[in-house]
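Proteins get letters first, then strands, A, B, ... in listed order; numbering begins at 1 in each.
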Amino acid sequence: MEEKDSNSQPFQNSSIPEAFLKPYAPQESEHVMYALWETSRYFNPDVCIENGVTKADADIFSIVLPPPNVTGTLHMGSALMLAIEDILVRYHRMHGTRTLWIPGTDSAAIATQARVEKEIQKSEGKSRHDLGREELLKRIDTFVEDNKSVMLAQMRSIGASLDWSRYAYTMDEKRYHAVMEAFVRMYNAGLIYRGNRIVNWDPKGQTTISDDEIVYEERKAKLYTFTYAIDFPIAISTTRLETKVGDTAVAVHPDDERYKHLVGTEYDVVFCDVPLHIKIIADASVEKDFGTGALGVTPAHSQLDWEIADRHNLSRPAVINEYAKMTVDGRLGGLKVTDAREKVAEWLREENLLISVEEITQNVSTAERTGGIIEPLPKLQWWIDVEKPFVMKESHIKGITSGQEVTLKELMRISAEQGDVKFVTERFEKQYLHWAKNLRPWCISRQIWFGHRIPVWYRTHTLNDETIIHADNAVEMHVGITPPEPTGWTQDPDVLDTWFSSGLWTFTTLGWPEETADLKTYHPTTLIESGYDILPFWIARMILMSGFFLGQVPFKTIYLHGLVRDGQGRKISKSLGNNIDPVDMAEKYGMDAVRVSLIAGMVPGTDSKISEEKIRGYKHFANKLWNITRFVLTSVEGADVNHTISLLSTPHSPFYAELSSLIALVDTHFSNYRIDLASDALYHYVWDRFASEIIEESKPLLNGHDEEAKKVRQQELCDGLLCILKLLHPFMPFVTESIWQQLPLKIRGDERELLMVAEWPKI
RNA sequence: GGGCGGUUAGCUCAGUUGGUAGAGCAGCUCGUUUACACCGAGAAGGUCGGGGGUUCAAGUCCCUCACCGCCCACCA
């Protein structure tokens with residue numbers, strides 16, 4: 001950009017701050033503004049009270065930041081989340097509300113461990129077993145520490161006015177202890193148990209994963225139809241031939257006329273070298289129209305079959321191990337499942353038992369993190385029983401009375417149905433209720449090393465201790481944060497599902513299990529704000545946990561935002577190369593522009609778009625504001641303006657009336673969580689009204705000879721500017737604060753020094 | 001299979017209780033006389049996915065069809 005000839009510079013000898021002689025340069029001031037806010041310590045509501053910014057008995061607005069994973073750097077999705085929350089937080093803080101926003105980061109157990117393991121494998125060619133548990137955890141800690149500092153710096157760069165004095169990490173000491181405490185209490189209430197059930201086993205990651213971590217992939221497969229033996233009366237169909245050596249029954253529909261006469265008969269066959277005892281049973285879960293209408297029941301390797309086995313008291317031989325290899329004797333022994341499948345097909349052909357082979361497409365379950373094909377296996381795991389009634393000693397939840405007996409499932413349903421938690425977007429309530437209704441036992445143990453280790457201890461010798469109960473295998477077990485004696489006890493090697501600890505997040509961040517002042521003051525939190533993609537994972541589990549431990553809902557309102565997509569509405573993905581980095585964009589156009597372009601046109605619950613053109617547009621807007629200031633300052637130079645905070649409370653001209661209705665409109669949009677509409681209204685007022693019309697109309701007035709009219713207009717311009725700065729501050733904190741900091745005292749009047757804590761204009 | 005969204009200007013989307021179709025970006029024409037060219041002025045552009053219904057009046061309410069997308073379940 002060329003420097004203007006100094007002779008043509010009209011402000012050469014004026015008192016206009018020099019910064020306004022150039023276009024707005026966000027890069028120079030953003031970090032300075034953030035430092036100013038942070039050192040003021042006003043992000044902390046206690047400091048606001050001490051300094052009279054907030055009254056101690058003011059209304060509460062509390063919100064816990066959904067902790068970003070320490071694995072990554074900040075992407076547009078997290079930037080959107082931070083922007084929305086910061087806008088709401090700044091808005092409430094300026095209203096004099098006692099406002100708390102708690103920052104945190106998430107260890108993201110499986111994702112983080114997988115990431116570090118992969119890097120070590122790549123650079124050193126070593127697996128986690130080569131390193132050992134202790135060494136791997138050390139490496140992960142180093143990785144986390146490195147990443148964390150980058151993450152936190154980026155969160156600051158967004159402008160997030162988080163109370164850093166209350167920062168929490170899911171794996172820090174306080175949170176770790178709270179999670180242990182939670183496990184023990186839930187166990188003692190009888191809601192956590194250890195049991196053998198079918199789990200989703202990921203042979204690649206060598207761990208259990210939850211239903212929610214499964215991704216279905218469409219694949220072509222062969223559907224084989226065959227009989228177990230020449231004299232076996234029913235043909236069955238399957239895509240997983242190799243599991244058939246684990247069959248104990250053939251199930252048919254009770255109403256199926258073809259097979260009715262066979263129900264109850266039993267057969268002994270030798271299938272692929274494996275002796276089987278097959279019982280023919282009738283079960284309503286069988287589809288008459290699929291395949292032959294008869295289902296070979298493999299209790300140990302299918303969720304559905306396991307449940308059928310429950311109903312018919314069948315045995316459940318396991319034939320596949322954790323490495324997806326066959327455990328039977330004979331020709332299949334030790335083979336991988338895919339090879340075994342071929343082998344069985346071969347055998348069927350030889351024996352003339354194969355009736356047909358059909359190409360079908362089916363959904364294969366794969367692990368989200370590793371891509372491994374899920375092998376359903378029976379395993380001894382820890383579970384949360386969501387259907388077991390317990391007594392809720394003290395309930396603050398609408399629809400549940402203290403002392404009432406409820407199940408976790410009912411608790412989740414009632415919290416939403418009675419309106420104790422409200423959804424900003426109604427359709428998510430339907431989704432949530434549907435999910436809560438179909439909730440099954442929740443498997444909370446994971447066979448990885450990084451995470452909250454299960455507080456259960458085992459030893460093989462007996463001891464007379466009342467706290468000891470007997471598990472299977474005649475091993476003694478003790479549930480507690482520490483072992484009953486310093487030696488002789490081994491801790492369960494598994495760690496907890498990351499969502500177990502995340503479910504406690506709204507109250508562990510406030511100091512639970514201690515009964516802290518924070519917990520009393522800020523819980524239930526006012527609002528949870530997150531992407532809709534983690535509704536079942538996280539939102540639902542927080543309601544469960546908070547209900548159980550505190551008899552409260554974790555938050556009163558649920559605001560879910562959508563995905564951030566690219567300018568054409570495509571998902572942001574590495575393969576498309578369409579990623580737009582918020583930090584890069586901020587360097588180019590300023591963070592305010594990034595923030596506003598993220599929330600403009602973003603309706604709660606729907607996906608939104610971001611593009612570089614859009615960001616550029618709002619950069620221009622920031623500059624417009626800058627130049628409006630320049631004009632106003634020039635116009636009132638030497639004039640006698642006198643600003644007091646209360647000025648706006650008595651609108652005495654169309655100008656003030658218009659400002660009042662703008663404030664009212666913005667407030668209405670905020671109360672409906674439509675910050676997109678609020679920012680839109682402000683954008684248009686500032687540009688189309690204030691800049692294009694009011695300022696233009698002012699020019700003849702300011703140059704005219706009617707001194708009274710000139711004076712009135714000068715006052716109006718000042719008040720208008722201050723009002724606009726305040727209204728825009730939540731959206732564009734950097735440029736508005738930059739301007740505020742450079743306003744001459746006579747214009748700022750008796751307002752506070754930091755715009756961040758200035759009083760919201762009153763109508 | 002079950003559920004839920006969406007379809008409005010070239011592109012991306014608003015449109016609150018039914019009352020004369022809106023914005024941003026792109027594009028077109030013109031303009032650089034001092035807040036801002038990171039600007040201003042102006043014009044153009046839509047039978048609101050198709051069909052039917054309710055109503056004095058429908059982008060908005062109801063029915064139906066088509067297409068796109070998402071979530072859940074999952075057939076062995």
Side-chain angles (χ1 to χ4, degrees), chain A residues 1 4 8-11 16 20-25 211-212 214 216 221 223-225 236-241 243-244 247 250-251 285-298 301-305 308 360 362-365 425-428 430-435 437-438 532-533 535-536 562-563 565-569 571 589-590 593 597 600-603 605-635 665 668-669 672 674 676-677 680 683-684 687-688 691-692 695-696 698-699 703 717:
Chain A
M1 189 172 298
K4 278 189 180 174
S8 69
Q9 182 51 262
F11 310 107
I16 306 297
F20 292 109
L21 305 185
K22 299 178 294 189
Y24 173 55
D211 293 343
D212 313 295
I214 288 178
Y216 292 99
L223 182 68
Y224 299 89
T225 302
I236 58 164
S237 301
T238 185
T239 53
R240 296 213 52 190
L241 276 179
T243 64
K244 297 295 103 182
D247 282 12
V250 166
S285 66
V286 178
E287 277 310 315
K288 275 193 285 190
D289 303 328
F290 187 86
T292 62
L295 164 68
V297 181
T298 323
H301 299 289
S302 152
Q303 185 73 47
L304 180 69
D305 295 7
I308 293 175
I360 59 160
Q362 62 167 8
N363 280 332
V364 177
S365 321
T425 310
E426 222 170 292
R427 70 189 159 95
F428 290 123
K430 287 181 197 166
Q431 250 184 52
Y432 166 85
L433 286 171
H434 179 261
W435 186 86
K437 201 178 124 198
N438 293 309
Y532 62 63
D533 49 334
L535 171 65
L563 260 53
R565 294 165 176 277
D566 75 0
Q568 283 106 57
K571 266 192 181 172
Y589 304 109
S597 59
M602 179 227 48
V603 180
T606 43
D607 294 350
S608 56
K609 276 105 196 155
I610 187 90
S611 63
E612 191 161 347
E613 296 76 55
K614 196 173 171 186
I615 301 170
R616 193 188 302 127
Y618 288 106
K619 181 210 155 131
H620 296 170
F621 180 58
N623 194 56
K624 191 78 179 174
L625 197 59
W626 195 254
N627 278 301
I628 286 171
T629 307
R630 178 177 171 177
F631 178 83
V632 173
L633 294 186
T634 316
S635 308
L665 184 61
T668 303
H669 287 320
N672 296 327
R674 291 301 301 271
D676 54 318
L677 298 180
D680 194 58
Y683 179 91
H684 285 109
W687 202 307
D688 300 337
S692 296
I695 283 185
E696 291 309 319
S698 300
K699 287 175 182 172
N703 296 326
L717 287 175

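Distances from the side chain of H620(A) to the nucleotides C25(B), A14(B), C39(B) place C39(B) closest. The side chain of R674(A) lies closest to A14(B) when the candidates are A14(B), A35(B), C38(B). In this structure, of C38(B), C25(B), C39(B), it is C38(B) that holds the atom nearest to the side chain of K619(A).
Stems are defined here as 3 or more consecutive Watson-Crick or G-U wobble pairs with pairing distances under 3.5 Å; those involving RNA chain B are B:1-7 with B:66-72, B:10-13 with B:22-25, B:28-31 with B:39-42, B:49-53 with B:61-65.
The separation between I628(A) atom CD1 and C39(B) atom C1' is 12 Å, rounded to whole Å. Atom P of nucleotide A35(B) and atom CZ of F631(A) are separated by 6 Å, given to the nearest angstrom. One interatomic measurement links the two molecules: CD1 of I214(A) to C1' of C72(B), which rounds to 13 Å at whole-angstrom precision. Across the protein-nucleic acid pair, Y618(A) atom OH and C36(B) atom C1' stand 18 Å apart, rounded to whole Å.
Taking 3.5 Å as the limit, the base of C36(B) and the side chain of K624(A) contain a donor-acceptor pair of atoms between them.
Remark: the separation of the P atoms in G59(B) and U47(B) is 13 Å, to the nearest Å. Annotation: U64(B) and G5(B) have their P atoms spaced 15 Å apart (nearest Å).
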Short N/O separations, protein against nucleotides 74-76 of chain B, under 3.5 angstrom:
from, atom 1, to, atom 2, distance (Å)
C74(B), N3, N363(A), ND2, 2.7
C74(B), N4, N363(A), ND2, 3.4
A76(B), OP1, Q362(A), OE1, 2.5
A76(B), O3', T238(A), OG1, 2.8
A76(B), O3', T239(A), N, 3.4
A76(B), N6, E287(A), O, 2.8
A76(B), N6, F290(A), O, 3.3
A76(B), N1, E287(A), N, 3.3

Taking only N/O atoms, report every protein-nucleotides 20-23 of chain B pair under 3.5 Å with atom names and distance.
from, atom 1, to, atom 2, distance (Å)
A23(B), O2', H684(A), NE2, 3.4

I'd like a list of close polar pairs between nucleotides 42-46 of chain B and the protein, N/O only, cut-off under 3.5 Å.
none

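Scanning for side-chain hydrogen bond (donor to acceptor under 3.5 Å, both in side chains) contacts around S237(A) gives T225(A), with sequence neighbours left out. Remark: R616(A) pairs with no residue by the salt bridge (charged side-chain N to carboxylate O under 4.0 Å, His left out) rule, at least two apart or across chains.
Closest-nucleotide positions on RNA chain B for R616(A) and E696(A) were compared, and the one nearer the 5' end corresponds to R616(A).
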